[in-house]
Amino acid sequence: MNTVVKGIFFNADYQQEGQNSVIRIFVKNHQTSYAFRDPKFKPYFYIIVDQPEKRKKEIMEKKFAEFKIQDIQIVQKKLSPEQNEIPVLKLIFNSTAELKSARDAVMQFEFVRERREYDMPFAKRYRVDSGLIPLNEVTVKYDSETMELLEIKQEEPAKLDLRIGCFDLETHSPDRFSNPELDPILMASYVDEEKEIIWAEKKVNRDYAVLVKNEKELLEKLIETIREQKLDVIGTYNGDSFDLPYIKTRGEKLKVNVGIGCENSQPNIKRRGQENVVEINGLEHVDVYELTKILARFGVVNLIKYDLESVNEALFGEKKEKVKATEINQIWETGKNLERLADYNLEDSRATYRIAKEYLLTWIELGKIVRMPLFEVTRASAGILVEQLLINKSFEQNILLPNLPEEGTIGQRMLQSYEGGFVKEPEHGLHENMVVLDFSSLHPTIMISHNISADTLDCKHKECEEKNKAPTNHYFCTQRKGMLSSILEELFNKRIELKRKLKDLKKDSLEYNKLYARQYSQKILLNSFYGTLGYARFRWYSYECARAVTAYSQQYVKWVAEQAEIEGYKSLYGDTDSVFLKIPETKTQEDVRKFVEQINEKLPGNMNLEIENFYKRGIFVGKKGTEEAAKKKYALMDHKGNLKIVGFEYVRRDWSNIAKRTQKEVLEAVLKEGDTQKAIQIVKKAIQELKDGKVLKEDLKIYTQIKRPLKSYESIGPHVAAAKKAQAKGVRIEVGSVLEYIITRNGKSISDRAELSEFVKEGNYDSDYYIQNQVLPAVIKIINELGYTEEDLIHGGKQKTLSHFFG
DNA sequence: TAATTCGCTAGACCGA
DNA sequence: TCGGTCTAGCGAA
């Protein structure tokens with residue numbers, strides 16, 4: 001019987017039904033979660049041949065595999081954006097297995113010039129071809145007996161209030177890590193808009209606590225709740241590698257069906273590289289931990305550790321207590337302080353929920369732009385996002401995708417690196433009255449303004465060569481817009497328009513938040529394009545384009561500095577897209593504004609120079625071991641007294657707190673107060689504290705990441721040495737873990753003396769190391785700029801003040 | 001199995 | 001034990 005239903009389109013996958021691979025699409029409304037079948041859509045790929053009619057017959061007649069090819073169509077396609085359409089063969093199959101064997105078998109025909117789009121996963125193929133946008137509202141006509149999809153209509157996204165729920169487990173861990181084969185779940189918490197619960201076998205004196213009789217019941221209650229709440233999104237913190245695999249294994253042990261997906265389907269654990277991802281049909285699993293790491297990549301947060309406590313504090317400014325694994329065991333075994341554990345458990349779910357609520361909107365919008373389901377887009381890298389966007393555009397414009405490069409090609413590309421941005425060596429020392437100018441979205445605007453795209457490179461027109469030649473001598477078409485540049489331009493213009501609209505909306509209103517998220521996701525995409533051009537595995541890789549972008553960037557930034565010098569400013573420094581100027585006494589901030597305006601009048605297209613900020617005072621320091629000044633390292637103070645510290649040890653996690661704090665205090669004394677004597681006193685005090693043995697572990701820890709298996713290190717640095725020692729004591733050291741180590745007094749080389757902080761007793765540290773290798777190197781270059789030497793720091797020293805420098 | 005290059009610095013490593 | 005070179009990590013843009 002034909003039935004019609006409205007709902008939200010979530011995702012698509014496929015299933016094997018006998019000989020056929022059949023697409024399923026997941027559509028939900030608040031009553032039901034549907035999985036519709038779309039058997040009419042078949043796997044396919046293209047081949048390019050000279051005589052399509054003839055070759056089609058030949059292939060149809062020849063049996064080149066154990067199956068019969070379902071169909072071959074002759075279709076008109078462009079092989080690339082600048083070419084005309086030509087007929088190509090579309091080979092259609094009943095299953096992905098057939099496609100896979102045919103794409104190899106087809107190479108036996110010498111008339112096959114090329115294969116295209118033969119490696120696109122079937123579900124992704126469907127998402128591209130159907131044009132369905134995840135989380136849009138759809139009206140579906142279907143056969144209620146077979147669940148076969150008859151018609152699907154996409155409507156403008158209506159109001160979207162996704163139901164999000166988060167859960168978190170506390171598990172027993174007699175060893176260092178919980179083993180789901182052996183160790184039970186002790187507690188579970190669940191949080192959504194209306195519910196906050198924890199379940200535990202032991203009585204907990206909290207309103208939100210529910211007593212269960214055993215672990216089985218605990219798991220059943222959790223699953224039941226997730227099902228009852230009819231969620232759209234399930235959020236976890238590290239659920240990809242911990243919580244979801246854990247409940248799956250415990251479920252098998254305890255005979256509990258943990259199917260929380262559509263039609264109670266099980267969480268699907270997939271291997272992706274080194275890690276797990278867990279996908280659930282009809283219920284989007286968002287691992288907020290992964291989301292946080294992406295936020296970090298885009299600079300929303302910058303943390304040493306990405307545990308929930310640190311992230312929660314960084315994002316919301318709220319401290320959250322951490323209960324360590326050993327303590328969890330202890331609480332459970334003694335039955336004392338169960339409330340503490342329960343609170344912690346609940347807070348984890350709450351924090352996860354809060355982060356999801358706050359940031360999901362950005363990924364929802366991003367998912368809509370690139371047409372990726374939430375599950376995918378919350379785990380996607382910059383390269384994936386750009387690729388997906390280009391795939392969609394290519395399909396719309398009837399252009400076949402370029403093939404992925406082969407390993408040999410990738411190797412060649414990787415050998416061929418290219419020159420990047422320009423970094424000027426700064427004028428070291430203290431400077432007063434500065435302005436920093438920078439280009440807004442430099443790389444995207446260069447690509448748009450000069451129409452940089454592989455398909456516009458060195459076109460046939462004489463005129464383009466004359467009018468639009470990059471400093472590399474390659475040029476780009478001025479008559480037809482390039483594929484990449486036009487997508488960028490569209491994104492750019494939409495973003496400008498959105499930002500204009502945002503100005504009229506009330507902050508924190510629903511509409512504001514939605515549009516803000518959209519413009520932010522556009523920004524993410526805009527900034528991701530340039531890098532992919534030089535990425536060896538990218539389908540649209542173009543050395544010439546990548547190089548042209550950086551050549552232009554160098555040209556423009558040098559040009560601005562030159563113009564400024566001509567106008568009477570002194571160019572102090574610049575890095576890639578910025579120019580640091582000293583404003584002469586004869587000029588005002590208004591003059592700077594006028595100067596920038598003049599520059600902008602001369603810049604092409606949508607390129608734009610901005611005033612980043614005015615600074616009262618700034619310092620550039622010398623480089624170690626040479627006379628030169630260090631690049632990418634400076635500190636500035638604006639006219640409100642705000643300090644901006646860039647590149648210094650202060651911003652690096654692989655330096656101890658004591659060194660970082662001392663450096664910051666010194667910079668403050670110098671820039672804010674102009675007090676060099678104070679700066680020196682600060683250093684002396686830190687040295688004294690170290691000597692007295694008073695400094696706490698917290699201020700001595702050095703954080704360094706283990707980036708490869710311990711065995712494969714050629715050079716054993718302190719962090720590797722500490723890791724190896726810890727490993728011998730039974731600590732599991734994983735690739736990617738950030739270690740905290742301290743340099744102790746026990747041993748010869750620095751590595752010998754390095755120990756993981758957890759094994760170091762308070763007070764056991766090498767004060768000499770922390771003075772000579774941490775505090776002094778962090779401050780000496782600054783002190784030098786003030787006219788003092790290391791001698792002055794350790795011994796007496798002469799009297800000088802900043803007036804010495806500024807008259 | 002997923003964007004780029006430029007740059008600083010530490011500390012091991014290695015040969016004289 | 002010295003000094004140059006190399007490995008490694010992290011940050012800026």
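Here the structure is a predicted model, which means the values were calculated and not measured. Throughout, protein chains are lettered first and strands after them, A, B, ... in sequence-line order, and every chain is numbered starting at 1. Side-chain atoms are counted along with the backbone in the values below, which use heavy atoms only and exclude waters and symmetry mates.
Within 4.0 Å of A/Ser578, counting heavy atoms only, lies no atom of the nucleic acid at all. Using a 4.0 Å heavy-atom distance criterion, A/Phe538 is classed as making no nucleic acid contact.
The phosphate of C/dA8 has neither OP1 nor OP2 within less than 4.0 Å of any side-chain N or O from A/Ser715.
Rounded to whole Å, the distance from CZ on A/Arg753 to P on B/dG11 is 10 Å. If you take NZ of A/Lys424 and C1' of B/dC6, they are 17 Å apart, rounded to a whole angstrom. The separation between A/Glu406 atom CD and B/dT1 atom P is 18 Å, rounded to whole Å. Taking atom CD1 on A/Ile294 and atom C1' on B/dA2, their separation rounds to 12 Å, with Å as the unit. The separation between A/Asp654 atom CG and B/dC8 atom C1' is 11 Å, rounded to whole Å.
Near DNA chain C, meaning a heavy atom under 4.0 Å away, the residues from residues 704-712 of chain A are A/Thr704, A/Gln705, A/Lys707, A/Arg708. A heavy atom lying under 4.0 Å from DNA chain C marks the following residues of residues 623-638 of chain A, by number: A/Lys632, A/Tyr634.
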Donor-acceptor pairs under 3.5 angstrom involving side-chain atoms of residues 717-727 of chain A: please list them, not counting sequence neighbours.
{"unit_1": "A/Lys725", "atom_1": "NZ", "unit_2": "A/Ser751", "atom_2": "O", "d": "3.3"}
{"unit_1": "A/Lys725", "atom_1": "NZ", "unit_2": "A/Asp752", "atom_2": "O", "d": "2.7"}
{"unit_1": "A/Lys725", "atom_1": "NZ", "unit_2": "A/Ala754", "atom_2": "O", "d": "2.7"}

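A/Ser578 and A/Asp575 are not linked by any side-chain donor-acceptor pair at a separation below 3.5 angstrom, with hydrogens and angles left out of the test. Looking at A/Asn451 and A/Ser485, their side chains do bring a donor and an acceptor atom within 3.5 Å of each other.
Under the 6.0 Å distance and 45° angle rule, A/Arg413 does not count as a cation-pi partner of A/Tyr543.
Of the charged side-chain nitrogens involved, none lies within less than 4.0 Å of a carboxylate oxygen, so that A/Lys697 and A/Glu740 do not count as a salt-bridged pair.
Here the rule is salt bridge (charged side-chain N to carboxylate O under 4.0 Å, His left out) with A/Glu376, and of A/Arg272, A/Arg371, A/Lys270 only A/Arg272 fits it.
A distance of 5.0 Å separates OH in A/Tyr770 from CG in A/Leu700, rounded to the nearest 0.5 Å.
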